[in-house]
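One structure is given below, encoded as structure tokens.
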Amino acid sequence: MPSDETRRVLKVFGVAVTNLEDAIDQRKPVDEIMKWDAELADRTREVLALVERLRSRRIA
């Protein structure tokens, strides 16, 4: 069963993807699109860190 941390990371990643997509589709100003792009980059790093933690548990 996924941990609360896993659920949180995946939820905020999904929100970040949706926010960026919406900003692009709605042709928001470039600064707003870049804000969501940076947010998605942060969340992507968080997902990758989660995956690495899970992999290390699998091997240990």
Side-chain angles (χ1 to χ4, degrees):
M1 180 167 213
S3 69
D4 289 342
E5 174 67 4
T6 298
R7 286 191 174 111
R8 184 197 67 76
V9 168
L10 294 176
K11 180 180 178 181
V12 296
F13 176 77
V15 169
V17 170
T18 302
N19 286 340
L20 176 59
E21 185 176 30
D22 287 347
I24 292 168
D25 289 348
Q26 295 170 14
R27 301 188 191 283
K28 298 284 184 172
V30 172
D31 60 327
E32 186 172 341
I33 291 171
M34 295 309 294
K35 175 184 82 167
W36 292 120
D37 183 74
E39 176 72 16
L40 180 55
D42 289 343
R43 298 307 177 186
T44 299
R45 285 188 285 277
E46 199 172 5
V47 168
L48 293 172
L50 171 66
V51 169
E52 286 303 314
R53 287 192 303 276
L54 291 173
R55 284 181 167 166
S56 70
R57 284 181 21 202
R58 177 191 71 201
I59 295 168

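Along the sequence shown, the residues carry numbers beginning at 1.
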Presence of salt bridge, Glu46 and Arg43, under 4.0 angstrom: yes
Look up atom [atom1] in [X] and atom [atom2] in [Y], then write down how far apart they are to the nearest 0.5 Å.
X: Arg55; Y: Leu50; atom1: CZ; atom2: CG; value: 11.0 Å
X: Glu32; Y: Leu20; atom1: CD; atom2: CG; value: 10.5 Å
X: Lys28; Y: Asn19; atom1: NZ; atom2: CG; value: 10.5 Å
X: Gln26; Y: Glu21; atom1: CD; atom2: CD; value: 10.5 Å
X: Lys35; Y: Leu40; atom1: NZ; atom2: CG; value: 13.5 Å
X: Thr44; Y: Glu39; atom1: OG1; atom2: CD; value: 10.0 Å

Pro2 to Arg7 - nearest heavy-atom pair and separation: O-NH1, 3.3 Å
Cluster overlap Trp36 with Val15, hydrophobic side-chain contacts below 4.5 Å: no
Hydrophobic cluster identity match, Phe13 and Ile24, side-chain contacts under 4.5 Å: yes
Asp25 atom CG: more than 12 heavy-atom contacts under 6.0 Å: yes
